[in-house]
A.B. asks: 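Dumping the structure here so I can ask a few things about it.
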Amino acid sequence: MAIISNSSVQRTFSPAKTWTANTIASLGDDGRVAKNGEYGGMFSALSRTKAEKAQNNRVRTQLLQSLGQTFSLSGMGEKDGKVTFSADFMKQLENLLGGALKRSDFKIAADGTVTSGKPLTARRINAIIAKAKAVAAAGISASGGISVDTAMGRVKTNFGLRKAVYEPYFDKLETIKRETAKAPEHVKKFFARMETILRFIANEVDVDRFSKSDDDRSFLRNSPAYEWERDLAIANKDKKALDKLTPEFQYFDAKTGKHETLGGTAKWQLNVLSPKTGGGFIHLERAKFVSGKSTDIAPLRKYIADNFRLLATKSIDLYLACKEADAANGNTDNIKAFFDHLEDPGACIEDQGLHLVDFENEHLVDHSNAVSADYAAELEKAADNADYEAAGEAPTGEKLINNEIDFLCYRYQGPDAKKFQDSEDWKDFSATVKARLLPKGEPAPNVSVVKAFQKPSGAYEFKPVMVNGKQLVRPLTAEYIDEIGPACLANATAV
């Protein structure tokens, strides 16, 4: 990243820092900007001469050229003695400078030249230089995020600290992109979205500050002013001051080039988060964060990072696992099945991640191994009375229960809606879930039996109960619902 204090744009345009805001810039004989009168407002365009427009275009061209040199951007050229800028050059620059650039004021023609004729004021010059300094200091790349080499070097980010997690996936994605160049269009689009997600999470969300005293530079953060006052009140054990504080949270808006206030998350997800991640709905209400009540945005940020990271990394790993399995078997069955799966990967981001786990369990996990000793007594007891079917012919128990938890927490409108939304206690769900899954007078549905195991992370995974190479299938019972229901709820409410 260029050092802005000794950059081309700083050398050429630094005189403007002492001008009044509406002073118009032109190019002097020494190649630096010079004063050229005061901006007369929007109606001054009516009397603007061709010579004035040409001068305005020259100084705007010089500004773009200086910025391109400062940030080493590609896309600058020359045609018929005129400097040209590609659409990609302007996009890179807008990614870096955001709203400070006011890209539309340059009006790049089809041949790549500046044609707007609008005057360039000291206000705009100084805003661009200030933004460029901030970008250089933070190590922001032309892709819009913290550059990979910077994040792995002097910028002390979680990305840098966890490069062993993130870095290999960028390499894996490059391999996948090459190998799927002739794959169905939906496959290429899916992995393009995974790359968008991975870069966003690694470089903009899952980041930290330079030091404890530095502002949080994450895409999603507490307001620095609020955070400073909160931490001061905590340090001074001043409960009254702490109670009076109004939490304020922010997100980085590429359009304005700065952090803006985060209100409710519904519109923000639609207008900001979804475009940043290539589309897709995520249940932000499941995070332990409530706008207007929460005092820290960390749980929301973590929920977003964890779920998107699971989706991106799991899909990458599964592609490679399918390829490896097919090579061992001498066919392409798994890759074909995986491509079919990606055609309809699921509705929300959470479901897409869970469905990838289900795909792995169905296609890549060897279920022929003997079950653990923990299963033995249960299998012996069940063997005499249970029906056995091929795996997949009956829904698994946790899927049915998960569907009911999802309904009660997020779509149920009855009198107990708030209880379900706030509770993490299975006792609050048990009776209602059993009543919905086992209605009186109706036969119990068959389910593929699974058993819950808690991982070191605290989350639960569900492993199929196998007998003679087939998954155990039996009628759903109230006892079984209570057996695995707590684990289902714990996963659903985990941050």
A.B. asks: Could you tell me whether a side-chain N or O of S448 sits under 3.5 Å from a main-chain N or O of Q471, the two making a donor and an acceptor?
C.D. replies: no

A.B. asks: Could you check whether K399 pairs with D358 (Lys NZ or Arg NE/NH1/NH2 to Asp/Glu carboxylate O, under 4.0 Å)?
C.D. replies: yes

A.B. asks: Does a side-chain N-to-carboxylate-O contact under 4.0 Å join E424 and K288?
C.D. replies: yes

A.B. asks: Are any of the side-chain nitrogens in E94 or K91 under 4.0 Å away from the carboxylate oxygens of its partner?
C.D. replies: no

A.B. asks: Strictly distance-based, threshold 3.5 Å: is any side-chain N or O of T84 a donor or acceptor partner for the main-chain N or O of K79?
C.D. replies: no

A.B. asks: Locate the shortest heavy-atom distance separating A487 from A452; write the atom from each residue and the value.
C.D. replies: CB-CB, 3.7 Å

A.B. asks: Determine yes or no for a side-chain-to-main-chain donor-acceptor pair under 3.5 angstrom, with D253 supplying the side chain and K255 the backbone.
C.D. replies: yes

A.B. asks: Is the side chain of N222 donor-acceptor paired with the backbone N or O of E248 at a distance under 3.5 Å, no angle test?
C.D. replies: no

A.B. asks: For Q454, is the CD atom crowded, meaning more than 12 foreign heavy atoms sit under 6.0 Å from it?
C.D. replies: yes

A.B. asks: Counting only N and O atoms by type, is there a donor-acceptor contact under 3.5 Å from the side chain of T277 to the main-chain atoms of S274?
C.D. replies: yes

A.B. asks: Side-chain donor-acceptor pair under 3.5 Å between E260 and T256, yes or no?
C.D. replies: yes

A.B. asks: I'd like to know whether T396 forms a side-chain contact (heavy atoms from CB on, under 4.5 Å) with V447, so could you lay out the CA-CA distance, the side-chain angles of the two residues, the decisive distance to 0.1 Å, and finally the verdict.
C.D. replies: CA-CA 5 Å; T396 55; V447 292; over 6 Å; no

A.B. asks: My understanding is that only one of R301, K302, R221, R230 makes a salt bridge (charged side-chain N to carboxylate O under 4.0 Å, His left out) with D296; could you say which?
C.D. replies: R230

A.B. asks: With a distance cut-off below 6.0 Å to the six-membered ring centre and an angular limit of 45° from the axis, does K172 pair with Y169 as a cation-pi contact?
C.D. replies: yes

A.B. asks: Is the closest basic N to carboxylate O distance between R309 and D206 below 4.0 Å?
C.D. replies: yes

A.B. asks: Strictly below 4.0 Å, N to O, side chains only: are R199 and E204 in salt-bridge contact?
C.D. replies: no

A.B. asks: Quick check: closest heavy atoms across Y251 and L220, and the distance to 0.1 Å?
C.D. replies: CB-CD1, 3.9 Å

A.B. asks: Check whether any side-chain N or O of S86 sits under 3.5 Å from a backbone N or O of F89 as a donor-acceptor pair, and report yes or no.
C.D. replies: yes

A.B. asks: Under 6.0 Å between ring centres: does that hold for F429 and F420?
C.D. replies: yes

A.B. asks: Closer than 3.5 angstrom, by distance alone: can the side chain of N271 be matched with the main-chain N or O of K267 as a donor-acceptor pair?
C.D. replies: yes

A.B. asks: Just by modelled atom types, is the S74 backbone N or O under 3.5 Å from a matching donor or acceptor in the Q92 side chain?
C.D. replies: yes

A.B. asks: Got more than 12 heavy atoms from elsewhere within 6.0 Å of NZ, K102?
C.D. replies: no

A.B. asks: With side-chain contact (heavy atoms from CB on, under 4.5 Å) as the test, would you mind laying out the steps for L300 and L284 before giving the verdict?
C.D. replies: CA-CA 7 Å; L300 180 62; L284 298 181; 4.0 Å; yes

A.B. asks: Is the ring pair Y319/F191 parallel, tilted or perpendicular, if the boundaries are 30 and 60 degrees?
C.D. replies: perpendicular

A.B. asks: Is there a donor-acceptor pair closer than 3.5 Å between any side-chain N or O of H355 and the backbone N or O of P345?
C.D. replies: yes

A.B. asks: Do side-chain atoms of N329 reach the backbone of N331 as a donor and acceptor pair under 3.5 angstrom?
C.D. replies: no

A.B. asks: Report the relative orientation of the aromatic rings in H341 and F338; use parallel for angles under 30°, tilted for 30 to 60°, perpendicular for over 60°.
C.D. replies: parallel

A.B. asks: For residues F462 and F453, establish whether the separation of their ring centroids is below 6.0 Å.
C.D. replies: no

A.B. asks: How about F249 and F289: are their ring centroids closer than 6.0 Å?
C.D. replies: yes

A.B. asks: Hey, what do you get for NZ (K82) to OG1 (T61), rounding to the nearest 0.5 Å?
C.D. replies: 9.5 Å

